[in-house]
Each structure stands twice: as structure tokens, then as C-alpha cells.
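Heads up: the structure comes next, in C-alpha cells.
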Amino acid sequence: MRPSPLQISLLILFPSLLTNCTSREADATNEGQGDAYTDVDNDDQEESDADADADADSDADSDADSDSDSDWAGSDTGLSEASDTDSEEEEEEEEEEEPHDSGTPPDDTGDTGDTGVEECDTETDVTLYLSPDDSNSMSSPVQARMAALEGWGSIGSVPIRTWEFFNYYSWDYDPADLGEINIIPALQENDDGDYTLQIGVASKEIANEDRRPMNITFVMDESGSMSGKPITLLKTVCTTIAGQLKEGDIASMVVWDTSNAIVLDNHEITGADDPTLLAACNGMAAGGGTDLYGGLTAGYSVASTNFSSDMINRILLVSDGGANAGVTELNIIGDAAGDNNSDGVYMVGVGVGDGGSYNDELMDAVTDAGKGASVFIGNTAEAETIFEDRFVSTMDVAARDVRVKLDLPAGFEVVKFSGEEISSDPTEVEPQNLAPSDTMVFYQTLETCAPELVSDDTEIEVTVRFKDPLTFTESEESVTVTFGSMLGEDSAVLLKGAAIYDYAEGLKLYQEAHASSDRADIISAVLETLTIAEDANPGDTDLEEIRTILESL
């Protein structure tokens with residue numbers, strides 16, 4: 001496998017821009033790694049302080065888990081050096097802390113000697129802990145599509161979070177059996193000597209008629225900013241969900257502006273398109289100011305009162321993002337989500353509107369605290385995709401607190417990573433819930449300082465720990481594969497991953513480039529990667545969509 005056309009073209013055409021992008025990729029790699037890693041992706045920096053209190057219970061539980069099992073303790077970092085050139089805030093932080101030249105903790109096993117260059121450690125195996133996204137959000141690829149194809153005017157203001165592209169698009173991995181997790185690694189060697197590793201972690205497929213009963217509390221924004229398209233889409237989301245509910249489900253509804261009202265309380269659904277629920281959906285109207293705190297307080301009060309351990313308990317917050325979530329609101333959400341050893345009320349954040357009205361920051365923050373997905377609904381078709389075609393995978397849970405551990409041979413490091421969090425310290429990586437009919441996908445580039453030690457017998461091990469969604473019984477599954485067994489195997493799904501990775505990273509570069517010729521070169525390079533993936537995955541509708549978007553730019 002050659003280096004990505006995006007990498008080749010950009011290195012030749014404008015190396016300074018590529019350096020900037022590489023820095024952003026590496027910053028994402030270090031997300032959530034605490035004081036040992038000072039370079040944190042600025043896409044999520046604003047959430048860290050607000051999330052601190054909401055994450056405290058989870059972190060404490062993670063600490064306890066890692067202390068009780070030395071196999072999941074921190075080890076050699078296996079992470080490449082990174083520096084953030086984009087964030088003045090990060091530079092100020094670096095002035096306060098003495099930087100680590102290697103981007104690794106000061107007690108790292110690498111010996112720099114007198115040269116200042118880290119020596120190749122060929123003795124210590126590398127263990128890393130991975131998370132694609134601690135809330136399984138899928139918003140930014142939809143916003144990118146809307147901006148490009150539906151007249152938003154510019155893609156420049158759309159947040160591009162690479163892991164959300166991997167969450168949003170579909171993957172042809174074999175599903176797991178009931179109560180199990182299927183781990184599928186794939187590997188290719190590149191012409192420049194590094195490796196591309198993609199790991200799929202798949203759950204069991206569950207149809208809507210076979211899922212557990214749901215207990216949903218709708219928390220609906222009726223403030224004045226919701227007038228027009230947002231309130232119409234809010235009603236569409238509500239009625240689409242009503243069509244997927246079945247007898248025995250429970251629905252409650254709180255509407256809010258400067259005040260709040262309980263419209264439904266513990267209403268038992270009679271079947272799909274329940275008349276009482278539909279009437280509540282269609283009866284909402286925009287007007288008044290914004291009181292997110294009051295809406296959340298009322299919504300979580302109702303959800304707590306009606307909580308049932310035998311059901312899927314969800315808060316569904318629908319808003320155009322016009323409100324701001326402070327520490328108090330995030331604490332409400334995080335406390336209600338429960339810790340890692342207890343059930344809770346998880347949030348699904350639904351953004352509605354268009355480029356002129358939607359504020360992405362609210363949903364991104366509240367769903368991180370609420371352990372649920374952030375989605376964006378810009379039209380009726382997207383409402384049907386998320387809350388009809390993918391209703392179960394958006395709302396249900398197949399495995400809780402999923403933790404993924406990657407063991408690499410000595411001398412290897414991850415230099416690019418598609419996910420939100422990666423660290424050698426398990427307490428720095430937030431576990432994620434895995435939905436039914438869903439797959440976590442990790443795409444990474446590996447380099448080794450000792451290529452002469454790599455043979456067909458060289459091993460990679462992937463271990464997944466997870467908890468049963470009902471009993472919280474912990475299980476562990478592991479797959480050990482050799483380089484020889486993976487190299488040369490069918491790579492269609494990995495090539496799709498390469499196309500999606502280059503698409504997301506290419507959009508970031510496109511946003512930063514100002515000359516039209518530079519932008520054209522970026523799109524051309526991504527299209528090369530896309531063509532390779534299309535040849536391996538004929539008729540793939542995700543790749544067809546990506547081509548349409550790129551060609552429109």
C-alpha cells in the first residue's frame with residue numbers, strides 16, 4: 001500500500017500546511033492524556049474543565065480497575081512527538097509547564113543519552129489504550145454534507161472531528177454473537193515502511209422488534225431561536241421516533257424556553273405512532289427565551305422519577321444549540337448518567353437547524369457528559385436515517401464501558417490515529433458504550449524504529465473489556481494475530497477506512513487553505529484515495545456520498 005495520495009501531494013505542494021495538519025492529527029492522538037501530554041486537540045479543550053466534575057466518578061472507577069489488574073496498567077507510550085502550532089492557549093500552558101522534548105512522560109523508558117535523540121527501545125513491548133469517541137457522536141460529517149450540498153454557503157465553519165466520520169459511516173464487519181464482541185484487525189504495509197492498522201470492534205445485530213423496552217424522556221427546546229426550520233425538524237424527529245416505539249415503551253416530554261412544562265409524564269406507548277405522543281410532538285411551538293438549566297432540571301427530574309432498571313433509559317435533548325451549557329448543567333447530565341458500575345439515564349443530543357442557526361458546541365459538550373451520541377438533523381431524510389434506519393444503534397446499548405487495549409511489538413509507535421483518545425495510561429482514556437448493530441473502528445498508522453526485527457511471526461494483540469448492559473458482569477475477549485497472517489489479506493474495509501480518514505483530514509486542510517489552487521490540489525489528492533477505496537468496495541453508498549461532496553467543492 002502506497003502512502004496516501006493526500007500525504008504525497010501535500011508534502012510536495014505545500015509542506016508547511018501539511019505540517020500544520022500533522023500537528024492537529026497528533027494533538028488528537030494525545031487527547032485526554034493529562035499532564036504527561038501537554039498537547040491536547042483544541043477541538044475538545046473547551047470541554048475539559050466543564051467535564052472534570054462530571055467525569056470524577058468515572059475516573060475514580062477507572063483508577064480502581066487499573067489498580068486491581070496490572071495487565072491494564074500504564075506502560076511504554078508508543079506515541080509520536082507532537083506540538084500544537086495552532087493554539088495560543090496551548091502555548092501559554094506550555095510556558096507554565098516545562099515541555100517534554102519527546103512528547104512522552106519524563107519516566108518513559110526511552111534513553112536520550114547525551115544527543116537529545118531518543119534511542120530505539122527494542123526490548124519493551126508497547127501497550128496502548130484506545131477510544132474512538134467517548135460519546136459515539138456523528139454530527140460533523142452530516143454538517144459537512146449539508147454545508148457542501150444544501151446551500152449553507154461555506155464549509156469553513158463546520159467542526160471536523162475525524163472520529164465522528166468513522167462513527168457515522170457504515171462498516172462491513174461480521175457481527176458478534178449475543179453477549180460477545182467480535183474483534184477484527186487488518187494490516188497493510190506501506191511503501192515507505194510504515195504500516196496501516198485498522199481494528200473493528202463489532203457488536204451483535206438486534207432488530208427493533210427484538211430490543212429491550214425503552215423509557216424516553218424528550219427534552220424539547222421551544223425558545224424563540226427555534227422558529228422556522230428548527231422547530232419543524234424538532235417535530236420531525238419526535239414523530240419519526242414515535243414510529244419506532246412499540247407497546248410497553250414509556251414516553252415523557254418536557255418542553256422549555258424561559259419556563260418549562262411537563263407535557264407527558266410516564267405515558268405508556270400503545271404501539272407505533274401512538275396518538276398521544278404524536279399530538280404532543282405536533283403541538284410544540286417556538287417562542288420565548290432560553291433556559292437550558294430549567295429544561296434539564298425538569299427533564300432529569302421526570303426521568304429519575306420514572307427510571308426503570310428493566311428498560312433503556314434515555315434523555316433526548318433536541319435544540320438548535322442556542323443555549324450555553326455551563327458547569328452546573330454538565331454536572332446535572334454527568335451525575336444522571338451514572339458511574340461505570342451502575343445504570344443511568346444516558347443522553348442523546350439532537351441538533352436541528354441549518355448553517356445560519358445551529359451551534360454545535362452545546363450538543364458536543366452535553367453528550368460527552370451524558371454518555372450518548374450527538375447527532376445533527378438538517379432535513380427529513382437525515383431524521384429517517386438516524387431515528388428509523390439506525391434507531392436501535394442510536395438509542396440502545398449492547399455493551400457498556402468498552403475498553404480497548406492494543407499491544408504492539410517493541411519499537412513501534414502510533415503516528416496517526418482516527419479516534420479521540422489514545423494513551424499508555426488506561427485511566428486517561430474514557431470507556432465508551434457500544435450499541436447493537438454497530439462497530440467501533442480504529443484507524444492508525446504505525447512506525448517502527450527497528451524494521452529489521454519485524455517478521456511474519458511478529459504479533460499484535462487486541463484485547464477488549466466490556467460489561468453486560470443488564471448485569472454489569474465484566475467480560476474480556478482478545479485476538480492475537482501475526483503480521484504474516486494479516487498482510488496480503490482482503491483489504492477492502494481498510495481501504496474504505498483510508499478514504500474516510502483522508503476525507504476528514506482533507507476537509508481540515510481545505511478549511512485552512514485560502515488559495516483556490518491549494519484547495520483544488522487537496523480535493524484531487526483525497527479523490528485519489530477515494531478511487532482506490534471505490535475499486536475495492538464497488539457500489540458503496542458512503543463512498544459515493546463522499547465523492548459527491550468532494551466534487552461539489
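Here, residue 1 is the first one in the sequence, and each next residue gets the next number.
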Worksheet item: Can you tell if the side chain of Leu317 reaches within under 4.5 Å of the side chain of Val350, non-hydrogen atoms only?
Response: no
Discussion item. The test is side chain to side chain donor-acceptor pair (under 3.5 Å); show your working for Asp456 and Thr482 and say whether it passes.
Written reply: CA-CA 6 Å; Asp456 285 350; Thr482 64; over 6 Å; no
Discussion item. Measuring from atom CE of Met226 to atom CG of Leu233, what distance do you get when rounded to the nearest 0.5 angstrom?
Written reply: 8.5 Å
Worksheet item: How about Glu528 and Ser524: does a side-chain donor come under 3.5 Å of a side-chain acceptor?
Response: no
Discussion item. Taking the cut-offs as 6.0 angstrom to the six-membered ring centre and 45 degrees off its axis, would you call Arg314 and Tyr346 a cation-pi pair?
Written reply: no
Worksheet item: Of all heavy-atom pairs between Ser137 and Ala373, which one has the smallest distance, and what is that distance?
Response: OG-C, 4.1 Å
Worksheet, complete the sentence: So CZ of Phe417 and CH2 of Trp163: to nearest 0.5 Å the spacing works out to 10.0 Å
Worksheet item: Is the count of non-hydrogen atoms from other residues, nucleotides or ligands lying under 6.0 Å from Glu544 atom CD greater than 12?
Response: yes
Worksheet item: Within the side chain of Ser252, is there an N or O that forms a donor-acceptor pair under 3.5 Å with the backbone of Thr217?
Response: no
Fill in: Student check: side-chain heavy atoms of Ser139 and Val375 closer than 4.5 Å
no
Item to complete: Give the intermediate values and the outcome of side-chain contact (heavy atoms from CB on, under 4.5 Å) for residues Ile315 and Val348.
Response: CA-CA 6 Å; Ile315 283 274; Val348 176; over 6 Å; no
Practice prompt. Could you go through the side chain to side chain donor-acceptor pair (under 3.5 Å) check for Glu459 and Thr480 one step at a time?
Written response: CA-CA 7 Å; Glu459 293 182 340; Thr480 301; 5.5 Å; no
Worksheet item: With a cut-off of under 6.0 Å to the ring centre and 45° to the axis, is Arg145 in cation-pi contact with Tyr168?
Response: no
Discussion item. Less than 4.0 angstrom from a charged side-chain N to a carboxylate O is my criterion; do Asp468 and Arg400 meet it?
Written reply: no
Worksheet entry | Salt bridge Lys467-Asp401, side-chain N to carboxylate O under 4.0 Å | yes
Fill in: Distance-only side-chain donor-acceptor flag, Glu447 / Tyr195, under 3.5 Å
no
Discussion item. Distance alone, cut at 3.5 Å: any donor-acceptor contact between the side chains of Ser478 and Glu461?
Written reply: yes
Worksheet item: If you round to the nearest 0.5 Å, how far is CE of Met284 from CE of Met253?
Response: 4.5 Å
Practice prompt. First locate atom CZ of Arg211, then atom CD of Gln244, and finally report the distance between them rounded to the nearest 0.5 Å.
Written response: 8.0 Å
Worksheet entry | Val158 and Gln511: CA distance, side-chain angles, deciding distance, side-chain contact (heavy atoms from CB on, under 4.5 Å) verdict | CA-CA 9 Å; Val158 173; Gln511 291 176 329; 4.3 Å; yes
Discussion item. Check whether Asp320 reaches the backbone of Pro230 with its side chain - one donor and one acceptor, N or O, closer than 3.5 Å.
Written reply: no
Item to complete: Give a yes or no answer on whether the side chain of Asp221 reaches the backbone of Ser223 with a donor-acceptor pair at less than 3.5 Å.
Response: yes
Worksheet item: Under 3.5 Å, side chain of Glu477 to main-chain N/O of Ile181, donor-acceptor pair present?
Response: yes
Worksheet item: Side-chain contact, heavy-atom cut-off 4.5 Å: Pro132 with Glu420?
Response: no
Response to the item:
What one should report as the nearest heavy-atom pair of Val481 and Pro185 is CG2-CG, 3.8 Å
Fill in: Glu545 to Tyr169 - nearest heavy-atom pair and separation
OE2-OH, 2.9 Å
Fill in: Audit row: Thr232, Lys235, side-chain contact (heavy atoms from CB on, under 4.5 Å) steps and yes/no
CA-CA 5 Å; Thr232 299; Lys235 294 178 182 180; 6.0 Å; no
Item to complete: Determine yes or no for a side-chain-to-main-chain donor-acceptor pair under 3.5 angstrom, with Asn282 supplying the side chain and Leu278 the backbone.
Response: yes
Item to complete: Run the salt-bridge test on Glu551 and Arg547 with the 4.0 Å N-O cut-off and return the result as yes or no.
Response: yes
Practice prompt. Kindly indicate whether the side chain of Leu434, heavy atoms from C-beta on, has any atom under 4.5 Å from the side chain of Phe466.
Written response: no
Worksheet entry | Side-chain H-bond candidate by donor/acceptor type, Ser491 with Gln188, under 3.5 Å | yes
Fill in: Leu507 side chain near Ile155 side chain, heavy-atom distance below 4.5 Å
yes
Worksheet item: Is the backbone of Ser131 close enough, under 3.5 Å, to the side chain of Glu430 for a donor and an acceptor to pair up by distance?
Response: no
Discussion item. To the closest 0.5 Å, what do you measure between CD1 (Ile199) and CG (Leu197)?
Written reply: 4.5 Å
Item to complete: Report the distance from atom CG of Asp502 to atom CD1 of Ile522, rounding to the nearest 0.5 Å.
Response: 11.5 Å
Worksheet item: Can you tell if the side chain of Leu446 reaches within under 4.5 Å of the side chain of Glu413, non-hydrogen atoms only?
Response: no
Worksheet item: Can any side-chain N or O of Asn182 pair as donor or acceptor with the backbone N or O of Glu180 at less than 3.5 Å?
Response: no
Worksheet item: Between Glu476 and Thr463, is any side-chain donor less than 3.5 angstrom from a side-chain acceptor?
Response: no
Discussion item. Check this for me: Asp174, atom CG, are more than 12 non-hydrogen atoms of other residues, nucleotides or ligands nearer than 6.0 Å?
Written reply: no
Worksheet item: Less than 6.0 Å separating the ring centroids of Phe412 and Phe483?
Response: yes
Discussion item. Looking at every heavy atom in both Ala398 and Ser203, which two are closest together, and how far apart are they?
Written reply: CB-CB, 4.0 Å
Discussion item. Looking at Ala533, is its backbone amide N or carbonyl O close enough to the side chain of Asn537 to form a donor-acceptor pair, meaning the two atoms are under 3.5 Å apart?
Written reply: yes
Fill in: Main-chain N/O of Ile206 paired with Ser437 side-chain donor or acceptor, under 3.5 Å
yes
Worksheet item: Got a salt bridge between Asp438 and Lys204, using NZ or NE/NH1/NH2 to carboxylate O under 4.0 Å?
Response: no
Item to complete: For Tyr129 and Glu421, run side chain to side chain donor-acceptor pair (under 3.5 Å): C-alpha distance rounded to whole Å, both residues' side-chain angles, the deciding distance at 0.1 Å, then the answer.
Response: CA-CA 8 Å; Tyr129 301 87; Glu421 296 175 337; over 6 Å; no
Item to complete: Give a yes or no answer on whether the side chain of Lys246 reaches the backbone of Asn208 with a donor-acceptor pair at less than 3.5 Å.
Response: yes
Discussion item. Between Ile532 and Leu530, does the side-chain contact (heavy atoms from CB on, under 4.5 Å) criterion hold? Intermediate values first, please.
Written reply: CA-CA 5 Å; Ile532 296 170; Leu530 180 64; over 6 Å; no
Discussion item. Under a 4.0 Å threshold between the charged nitrogen and the carboxylate oxygen, would Lys405 count as salt-bridged to Asp407?
Written reply: yes
Discussion item. For a 4.5 angstrom cut-off between non-hydrogen side-chain atoms, does Asn433 reach Val402?
Written reply: no
Practice prompt. Please tell me if the side chains of Tyr173 and Val441 come closer than 4.5 Å, counting only heavy atoms from C-beta onward.
Written response: yes
Discussion item. For the CG atom on Asp172, are there more than 12 heavy atoms of other groups (residues, nucleotides or ligands in this structure) within a distance under 6.0 Å?
Written reply: no
Fill in: Whether Tyr503 and Phe165 hold their rings parallel, tilted or perpendicular, with breakpoints at 30° and 60°
perpendicular
